[in-house]
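Since the structure comes first, as structure tokens, the remarks are kept for the end.
Keep in mind the model is a prediction, meaning the values are calculated, not measured.
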Amino acid sequence: MTWENNSVLMEFVFLAYPSCLELRILSFVGISLIYSFITTGNFLIVKSIQTDARLHTPMYYFLGSLSGVEICYTAVVVPHMLANTLQSEKTITLLGCAAQMVFLIGLGSADCFLLAAMAYDRYVAICQPLQYPLIMTLTLCVCLVVASMAVGLFLSSQLVAFIFSLPFCRAQGIEHFFCDVPPVLPLVCANSHIHEQSVLVAATLAIAVPFFLIATSYAFIVFAVLKVPSAAGRRRAFSTCTSHLTVVLLQYGCCAFMYLRPSSSYRPKQDQLISLVYTLGTPLLNPLIYSLRNSEMKAVIGKVLTKNCLYQKS
């Protein structure tokens, strides 16, 4: 059965959801709470950056874009997970599965490229401070964000088009909560070596290349900071990077584990847990990491919340 011969009517069944009613209700409540925290936290960051002129800088522009991508990224998967948690039939059509994978992988890749752009911003700010306003213009920032989105979606659409042009076996059960490359690939009845190589190429472009750019940027940053004579100056320079580095380690650790490996090492239970980390955990932690470690962001978010509370009371 291939893409061209009516496989658009095919449906996949998700097998990872609990069958016990109590566990399903508990899962629904837990995921709903986490999702509300994700959307609220990231929306507050976007709103705070929009409303406060002091945050209209390249660093916060990238942070706001990252939060916007996180909101869209979780919206691709989490509402569908919530619906499946309560439904008796946990199915998705082939076209729906393909669309979910395009946006899941595309926005995840855009996340990686945005983190690379943020690393470049920190490199220019620390290593070339006098040239920073001339280099990190609004035009360049917009171009980097648009390029991150475009390249991410282009890579994901090419990869997904290739996977879903292959024939699928009769077994249509996906050992996962949503459509992703590792759990869908075992359902393909074709030469595994060929499609594994295509996945590896796409993953290398979307994960390894940005990570190399981030590592290179921070290598230059470390060399520059070590030349600062005062300990206070070195701490101040490193403090502007710690939040970003924490998010990078979380994001790239999960993505590398999931995509930069052969499909023979796929372990459904283990990978289901890892997938929850990068679809729920990382988007939840991003606002906390960037706001708790940033006094400016904390102050602006506090003002936004206070203003909203006063507006509701009036």
Side-chain angles (χ1 to χ4, degrees), residues 12-18 23-24 26-28 30-35 37-38 42 66 69-82 84-85 90 92 97 100-115 152 155-156 159-160 163 173-188 192 195-196 198-200 202-208 210-211 214 245-289:
F12 295 116
V13 180
F14 295 108
L15 305 176
Y17 291 91
L23 282 177
R24 286 161 58 188
L26 186 63
S27 299
F28 180 85
I31 295 172
S32 297
L33 287 173
I34 294 173
Y35 186 48
F37 288 141
I38 290 171
N42 283 290
L66 184 69
V69 169
E70 295 283 20
I71 292 172
C72 297
Y73 177 76
T74 52
V76 172
V77 173
V78 179
H80 192 250
M81 289 175 61
L82 289 172
N84 281 334
T85 302
K90 305 166 187 7
I92 189 171
C97 186
Q100 189 177 69
M101 282 179 63
V102 166
F103 288 105
L104 176 72
I105 299 169
L107 293 171
S109 301
D111 226 337
C112 293
F113 286 114
L114 276 175
L115 290 172
L155 289 174
S156 68
L159 176 63
V160 172
I163 291 174
I174 299 177
E175 292 280 353
H176 211 54
F177 302 107
F178 51 84
C179 289
D180 202 357
V181 174
V184 170
L185 275 181
L187 305 181
V188 173
S192 61
H195 58 251
E196 274 188 29
S198 67
V199 171
L200 184 60
T204 300
L205 292 173
I207 300 173
F211 185 76
I214 292 171
L245 276 174
T246 305
V247 173
V248 166
L249 292 174
L250 284 170
Q251 179 80 8
Y252 281 90
C254 293
C255 290
F257 179 82
M258 288 296 293
Y259 300 109
L260 294 178
R261 58 173 184 163
S263 60
S264 57
S265 63
Y266 176 64
R267 300 291 182 270
K269 297 298 182 183
Q270 175 183 267
D271 288 13
Q272 289 163 17
L273 179 62
I274 298 297
S275 71
L276 291 178
V277 173
Y278 68 78
T279 54
L280 295 174
T282 305
L284 175 65
L285 291 174
N286 282 359
L288 295 175
I289 292 170

Next item on the list: Apply side-chain hydrogen bond (donor to acceptor under 3.5 Å, both in side chains) to Glu70 and Asn42, showing your working.
Entry: CA-CA 7 Å; Glu70 295 283 20; Asn42 283 290; 5.9 Å; no

Is the shortest side-chain heavy-atom distance between [X] and [Y] below 4.5 Å?
X	Y	answer
Leu250	Ile289	yes
Ser32	Leu82	yes
Phe103	Val77	no

Between [atom1] on residue [X] and [atom2] on residue [Y], distance to nearest 0.5 Å:
X	Y	atom1	atom2	value
Met81	Ile31	CE	CD1	4.0 Å
Ile34	Thr279	CD1	OG1	9.0 Å
Lys90	Ile174	NZ	CD1	14.0 Å
Ser156	Leu104	OG	CG	9.0 Å
Phe177	Leu280	CZ	CG	9.5 Å
Lys269	Ile274	NZ	CD1	14.5 Å

For [X] versus [Y], what's the shortest heavy-atom pair and its separation?
X	Y	result
Phe178	Ser275	CZ-CB, 3.8 Å
Asp271	His176	O-CE1, 3.7 Å
Gly173	Leu187	O-CD2, 3.6 Å
Tyr35	Ala75	OH-CA, 3.6 Å
Ser109	Gly152	CB-CA, 3.7 Å
Pro79	Thr74	CD-O, 3.6 Å

Note to self: For Tyr278 and Asp180: C-alpha separation, side-chain torsions, deciding distance, then whether side-chain hydrogen bond (donor to acceptor under 3.5 Å, both in side chains) applies.
What the structure shows: CA-CA 12 Å; Tyr278 68 78; Asp180 202 357; 2.5 Å; yes

Notebook entry, point to check: Is a side-chain donor or acceptor of Gln272 paired with a backbone partner of Glu175 at a separation under 3.5 angstrom?
Noted result: yes

Next item on the list: Could you walk me through whether Leu115 and Phe211 pass side chain to side chain contact (heavy atoms under 4.5 Å, CB included), step by step?
Entry: CA-CA 9 Å; Leu115 290 172; Phe211 185 76; over 6 Å; no

Next item on the list: Would you indicate whether Tyr252, at its atom OH, is surrounded by more than 12 heavy atoms from other residues, nucleotides or ligands within a distance under 6.0 Å?
Entry: yes

Margin query: Does Tyr17 have more than 12 heavy atoms from other residues, nucleotides or ligands lying within 6.0 Å of its OH?
Written below: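 Yes, because the 6.0 Å sphere around OH of Tyr17 holds more than 12 heavy atoms from other groups.
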
